Protein chains: 2
Amino acid sequence: MATLRAQRRAELTDRILDAAQAQLLEVGPAALSLRAVARDVGVTVSGLYRYYAGRDDLLTALLVRAFDDHADAVQDAVEGAEPDLSGQDDDGDRLAPVRAGLLAYRRWGLENPTPFGLAYGTPVPGYAAPADETVRAGARCGDLLVAAVARGRARSGAAAGHDGGDDLDPARRAHLKALASRRGYDLPPGVLARTVDLFVVVHGFVVMDVFGQLRPLSDNPDRDFAALVDRGLDTLR
Amino acid sequence: MATLRAQRRAELTDRILDAAQAQLLEVGPAALSLRAVARDVGVTVSGLYRYYAGRDDLLTALLVRAFDDHADAVQDAVEGAEPDLSGQDDDGDRLAPVRAGLLAYRRWGLENPTPFGLAYGTPVPGYAAPADETVRAGARCGDLLVAAVARGRARSGAAAGHDGGDDLDPARRAHLKALASRRGYDLPPGVLARTVDLFVVVHGFVVMDVFGQLRPLSDNPDRDFAALVDRGLDTLR
DNA sequence: AGAAGTCAAGAGCAGTGTTCTCGAAGTGAG
DNA sequence: CTCACTTCGAGAACACTGCTCTTGACTTCT
């Protein structure tokens with residue numbers, strides 16, 4: 001019954017992370033100051049070390065939260081675009097949830113450039129994000145999209161064996177099959193290959209967009225991104 | 001005739017930048033320490049301020065150098081793959097220089113992850129790179145590739161008016177025409193659109209590759225990147 | 001040779017992450 | 001209720017950081 005102490009501890013841990021997040025949004029990850037965080041929370045710097053092992057530990061927590069928030073946004077969008085289970089109103093695009101997810105993927109990045117940069121940008125120097133954490137969290141978006149593609153194809157009655165990716169490089173085909181079985185993806189290798197390709201293109205576009213490197217190339221990223229996504233979805237039918 | 005002094009000044013300016021570059025490779029941009037640079041060069045910290053206005057100024061110099069080195073690598077590759085002017089030995093792929101440039105684009109990133117991250121990754125917090133510098137330097141790679149595409153098409157005798165991009169979004173078509181005339185690109189809008197698309201895809205792939213986010217998705221990035229480039233080049237013929 | 005400009009050096013300021021110690025507070029067993 | 005035990009917050013201290021300012025020596029030009 002470690003109620004009082006444990007409860008206080010949980011509360012303060014959260015408050016510290018919130019303050020760190022607020023500061024992250026203001027000054028960026030590299031300028032994140034433990035002293036400023038401590039001041040905001042109302043604790044001494046040393047007291048802060050009771051809750052996080054150090055600056056790196058705090059950064060890791062922020063990174064994980066960024067990944068989770070991003071995946072949450074994508075998940076919400078995908079689920080929101082999923083057709084009714086009742087079966088009616090199913091004459092729309094079978095891949096609409098995928099499109100919604102990809103648009104949300106970009107939107108979250110544009111609306112949260114700092115966490116996005118922390119998660120997908122240059123690693124903060126002197127700080128190596130724990131690989132398992134980033135892989136785990138980063139894979140969530142991929143899983144969501146693959147699942148949405150699979151559901152969409154199932155609804156349109158696509159043959160499971162169709163497009164096994166016979167034109168694929170054999171080694172890549174083998175890798176994709178392994179990836180599918182490892183993560184429980186229900187897609188034939190050919191479709192999975194094009195889904196991965198689409199994901200890479202989308203991520204690349206979003207990275208350039210969020211980091212401001214797209215401006216000379218596009219006067220209207222919204223329009224060009226939508227076209228890019230639609231082109232990619234066309235290859236998945 | 002400020003020879004002696006000016007010469008010393010130029011030398012020391014270079015040596016400082018070299019030391020900063022060396023330190024950048026070791027500890028990353030955010031941890032770049034003026035004191036350590038000064039120690040390496042053999043000057044005091046305050047003396048360092050005679051040559052660079054501060055940390056930001058030094059970072060900018062490193063950023064510009066990174067962009068230039070990257071574009072140099074691409075340029076070398078493109079020129080190295082250009083066919084002889086004598087006209088013989090011209091039975092190869094007309095777009096081989098483009099391919100060589102794109103492969104070099106990625107190779108440089110993989111071999112110089114830290115400068116690549118400084119140039120294309122998350123902006124260093126508290127430090128805003130001068131927009132004109134980054135745009136100017138960043139545009140060089142784009143210019144190189146567009147020029148290589150134009151030369152390749154000219155060699156294969158493509159009609160200048162061919163593929164004006166009639167299927168393009170009118171607004172995007174107008175923007176591309178403006179971009180072409182502004183930067184002197186000799187490509188019809190349709191081809192330019194697909195060149196830009198290819199560049200975005202390539203950059204996105206390279207970013208994920210260099211930052212280590214591609215690993216779960218590809219067991220052999222070399223192979224997948226080559227396939228991606230070839231697919232893109234096919235759309236440019 | 002003397003005036004003007006440039007330079008390196010050092011001290012100092014305000015800030016950083018991290019470690020340590022010390023006394024107060026909460027916790028659970030007897 | 002008491003007592004050992006753990007946890008906690010605070011403060012001081014250490015070794016750093018970027019940056020500013022002053023001082024005295026050096027180079028260049030008139």
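Side chains are part of it too, since the values below use all heavy atoms of this structure and drop only hydrogens, waters and symmetry mates. In what follows, every chain begins at residue 1, and chains take the letters A, B, ... in the order their sequences are listed. What you are looking at is a predicted structure, and each value in this text was computed from that prediction instead of being measured.
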Item checked: Residue Tyr51(B), side-chain atoms from C-beta onward, closest of dC19(D), dC7(C), dA9(C) -> dC7(C)
Notebook entry, point to check: What is the nucleic acid contact for Thr44(B), judged by heavy atoms within less than 4.0 Å: base, sugar-phosphate only, or nothing?
Noted result: base
Margin query: Suppose we screen for ring-ring contact (aromatic ring centres under 6.0 Å, His included). Which residues come up paired with Phe225(B), at least two apart in sequence or across chains?
Written below: Phe205(B)
Check: Expressed in angstrom and rounded to an integer, what is the separation of Arg39(A) atom CZ from dG17(C) atom C1'?
Finding: 14 Å
Next item on the list: Look at the side chain of Arg55(A) and decide which nucleotide, out of dG18(D), dT18(C), dA10(D), has an atom nearest to it.
Entry: dT18(C)
Check: Expressed in angstrom and rounded to an integer, what is the separation of Leu48(B) atom CG from dG18(D) atom P?
Finding: 10 Å
Next item on the list: Name the nucleic acid region contacted by Tyr52(B), choosing base, sugar-phosphate or nothing; use a 4.0 angstrom heavy-atom cut-off, strictly under.
Entry: nothing
Report all side-chain donor-acceptor pairs from residues 19-45 of chain A shorter than 3.5 Å, counting only partners two or more places apart or in another chain.
unit_1: Gln23(A); atom_1: OE1; unit_2: Ser33(A); atom_2: N; d: 3.3
unit_1: Ser33(A); atom_1: OG; unit_2: Arg35(A); atom_2: N; d: 3.2
unit_1: Ser33(A); atom_1: OG; unit_2: Ala36(A); atom_2: N; d: 3.1

Next item on the list: Could you run through nucleotides 19-25 of chain C and give me one letter per nucleotide, 5' to 3': B if any protein heavy atom sits under 4.0 Å from the base, S if only the sugar-phosphate is that close, - if neither?
Entry: BB-----
Note to self: Which residues pass the ring-ring contact (aromatic ring centres under 6.0 Å, His included) test with Phe199(B), not counting sequence neighbours?
What the structure shows: Tyr105(B)
Notebook entry, point to check: Under the ring-ring contact (aromatic ring centres under 6.0 Å, His included) test, which residues partner Tyr120(A), sequence neighbours left out?
Noted result: Phe67(A), His70(A), Phe116(A), His203(A)
Notebook entry, point to check: Considering residues at least two apart in sequence or located in another chain, which fulfil the salt bridge (Lys or Arg N to Asp or Glu O under 4.0 Å) criterion with Arg99(B)?
Noted result: Asp93(B), Asp230(B)
Notebook entry, point to check: Which residues satisfy the salt bridge (Lys or Arg N to Asp or Glu O under 4.0 Å) test with Asp209(B), sequence neighbours excluded?
Noted result: Arg106(B)
Note to self: I need the CG-C1' distance between Leu59(A) and dT16(C), as an integer number of Å.
What the structure shows: 14 Å
Check: Considering only heavy atoms, which members of residues 9-25 of chain B lie under 4.0 Å from some atom of DNA chain C?
Finding: Arg9(B), Leu12(B)
Next item on the list: Looking at every strand, decide which applies to Leu32(B) at a 4.0 Å heavy-atom threshold: base, sugar-phosphate, or nothing.
Entry: sugar-phosphate
Notebook entry, point to check: Closest heavy-atom contact between Arg9(A) and Thr13(A)?
Noted result: O-OG1, 2.6 Å
Notebook entry, point to check: How would you list, by chain and number, every residue that makes a ring-ring contact (aromatic ring centres under 6.0 Å, His included) with Tyr52(B), sequence neighbours excluded?
Noted result: none
Notebook entry, point to check: In whole Å, what is the span from the CZ atom of Arg35(B) to the P atom of dG15(C)?
Noted result: 15 Å
Item checked: Rounded distance (Å) that lies between atom C1' of dA9(C) and atom CG of Leu34(B) -> 16 Å
Next item on the list: Taking all non-hydrogen atoms of both residues into account, name the closest pair between Ala61(B) and Leu17(B) and its distance.
Entry: CB-CD1, 3.6 Å
Next item on the list: Rounded off to whole Å, could you give me the CG-to-C1' distance for the Leu58(B) and dT17(D) pair?
Entry: 15 Å
